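Note sheet for the following structure.
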There are 2 protein chains.
Amino acid sequence: METTYINRKDHIKQVAQQLFRKNGYTATSMRNLAGEIGIEPASLYSHIKAKEDILQQICFGLANDFFSAANPICDSLMSPEEKLRRAIVAHIQVITNNLDASAVFFHDWRHLGTESLKKFRTLRSEYEELFRSIVREGMAECVFRKVNEKFMVLTIFSAMNWTYEWYQPGTNLNSEVIGNNVADMLINGLKTI
Amino acid sequence: METTYINRKDHIKQVAQQLFRKNGYTATSMRNLAGEIGIEPASLYSHIKAKEDILQQICFGLANDFFSAANPICDSLMSPEEKLRRAIVAHIQVITNNLDASAVFFHDWRHLGTESLKKFRTLRSEYEELFRSIVREGMAECVFRKVNEKFMVLTIFSAMNWTYEWYQPGTNLNSEVIGNNVADMLINGLKTI
DNA sequence: CCTACCGATCGGTAGG
DNA sequence: CCTACCGATCGGTAGG
């Protein structure tokens with residue numbers, strides 16, 4: 001149970017994302033965080049510069065995970081349908097493997113500072129574009145119905161991103177099965193014929 | 001532009017849900033709220049008992065709207081497919097007609113006090129059960145594929161509830177069209193054959 | 001990583 | 001709806 005082998009900065013991040021998920025970023029005080037870790041509040045500042053630093057670590061760390069999962073799929077030579085299915089499964093796996101971070105990512109990104117916020121929005125647009133290009137490709141090849149492209153991608157993200165709200169490790173199906181189920185529901189609703 | 005005709009309590013609620021949506025419930029202070037309204041912070045307490053009162057008004061008010069929209073559809077004699085389509089459209093219309101309240105509803109319900117929180121969860125379960133029963137009915141009649149019922153409903157809610165994140169009144173399609181598009185994507189992915 | 005502490009701000013009350 | 005104010009708590013710093 002003790003995880004003394006990880007460094008303190010990671011430890012802080014992990015405890016923080018649990019608390020942020022449970023109570024929200026703003027409602028979690030540095031005193032709460034320090035108390036949960038077992039050190040004095042002021043000691044946190046030996047490892048981080050500010051509260052927002054932690055939020056940045058969480059948000060940009062997870063953004064990086066999403067890209068790492070999706071990029072190789074997008075660059076591959078698979079069919080649009082297979083790409084979309086795999087991208088959905090990969091995305092949902094990142095979420096289910098990082099439930100605390102995902103909750104913070106989706107809820108609390110707006111509490112990032114002005115500069116980080118801008119960077120965050122840019123990354124998110126770039127990531128959405130990955131999915132948009134798969135959908136576009138599929139429409140061009142007539143394997144996807146020609147629905148409004150932006151709308152279609154938003155619905156795909158909707159179905160994927162809500163996962164963190166209800167997924168419970170252990171009690172649910174495993175993440176690959178869930179990803180494939182979501183993909184099934186979406187793709188079979190998209191396909192020509 | 002002036003809406004002096006509504007009473008102050010409603011005025012407070014409306015301004016509050018704008019601020020809560022933008023900055024979050026916890027990050028919005030009573031001083032922010034009073035400043036936006038143009039009164040002194042202490043004056044708010046002539047109209048409300050506590051900050052959480054406002055959150056309760058918003059959350060339970062919207063819950064009521066959801067039920068009012070869905071109940072007549074569920075009680076009707078339409079086919080499961082038609083019921084589901086109409087319930088989806090109705091749900092999305094409630095969201096798009098109450099974007100501020102919806103954002104608060106989905107983000108900040110967990111900041112309700114213990115008692116309200118319990119009541120909220122119960123209402124939410126009851127509401128989900130409305131959709132679950134439509135899906136169950138559809139499966140029994142073999143018009144919906146026999147997927148895990150709970151999972152299917154969660155995916156439906158996912159696709160519906162994310163709407164508040166991206167819907168922009170005016171610039172988007174109207175809410176009925178959007179609801180029907182979401183219904184199309186979901187139902188055509190659910191139907192036998 | 002701790003003790004000691006800062007100025008700012010919080011939700012809310014008393015009393016009119 | 002206002003003035004005046006409360007105790008509590010906030011994020012963060014100084015200095016060791």
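Within every chain, numbering begins at 1; the chains are lettered A, B, ... in the order of the sequence lines, protein sequences first and strands thereafter. Here the structure is a predicted model, which is why all the values come from computation and not from measurement.
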Between B/E129 and B/R132, is a salt bridge (charged side-chain N to carboxylate O under 4.0 Å, His left out) present by the stated rule, with each step listed?
CA-CA 5 Å; B/E129 175 56 28; B/R132 206 146 39 224; 3.2 Å; yes

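- In this structure, NE2 of B/H111 is placed 13 Å from P of C/dG11, rounded to the nearest angstrom.
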Could you go through the salt bridge (charged side-chain N to carboxylate O under 4.0 Å, His left out) check for A/K22 and A/E36 one step at a time?
CA-CA 13 Å; A/K22 196 179 171 199; A/E36 196 70 25; over 6 Å; no

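- Between the CZ atom of B/R31 and the C1' atom of D/dC2 there is a distance of 14 Å, given to the nearest Å.
- Comparing C/dC10, C/dC1, D/dC10 by their closest approach to the side chain of A/R8 singles out C/dC1.
- A donor-acceptor pair under 3.5 Å is absent between the side-chain atoms of A/N98 and the main chain of A/A101, judged by distance alone.
- Remark: B/K51 qualifies as a cation-pi partner of B/Y25 under the 6.0 Å distance and 45° angle criteria applied to the six-membered ring.
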Check the pair A/Q18, A/Q14 against side chain to side chain donor-acceptor pair (under 3.5 Å), reporting the backbone distance first and the verdict last.
CA-CA 6 Å; A/Q18 286 170 24; A/Q14 283 189 20; 5.5 Å; no

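- No close placement of the B/F105 and B/F20 rings is indicated, their centers lying 6.0 Å or farther apart.
- Contact annotation: A/S29 does not reach the phosphate of D/dT9 (side-chain N/O to OP1 or OP2, under 4.0 Å).
- Near DNA chain D, meaning a heavy atom under 4.0 Å from it, residues 33-52 of chain A has A/A42, A/Y45, A/A50, A/K51 in order of number.
- A/R124 forms a cation-pi arrangement with A/W109, by the criterion of a distance under 6.0 Å to the ring centre and an angle within 45° of the ring axis.
- In this structure, B/H107 has its ring center at least 6.0 angstrom away from the ring center of A/F106.
- In DNA chain C, runs of at least 3 stacked Watson-Crick or G-U pairs (N1-N3 plus N6-O4 or O6-N4, or N1-O2 plus O6-N3, all under 3.5 Å) give these stems: C:1-16 with D:1-16.
- In this entry the distance linking CE of B/M30 with P of D/dC2 reads 14 Å, nearest Å.
- Among the atoms of the strands shown, none is found under 4.0 Å from any heavy atom of A/T26.
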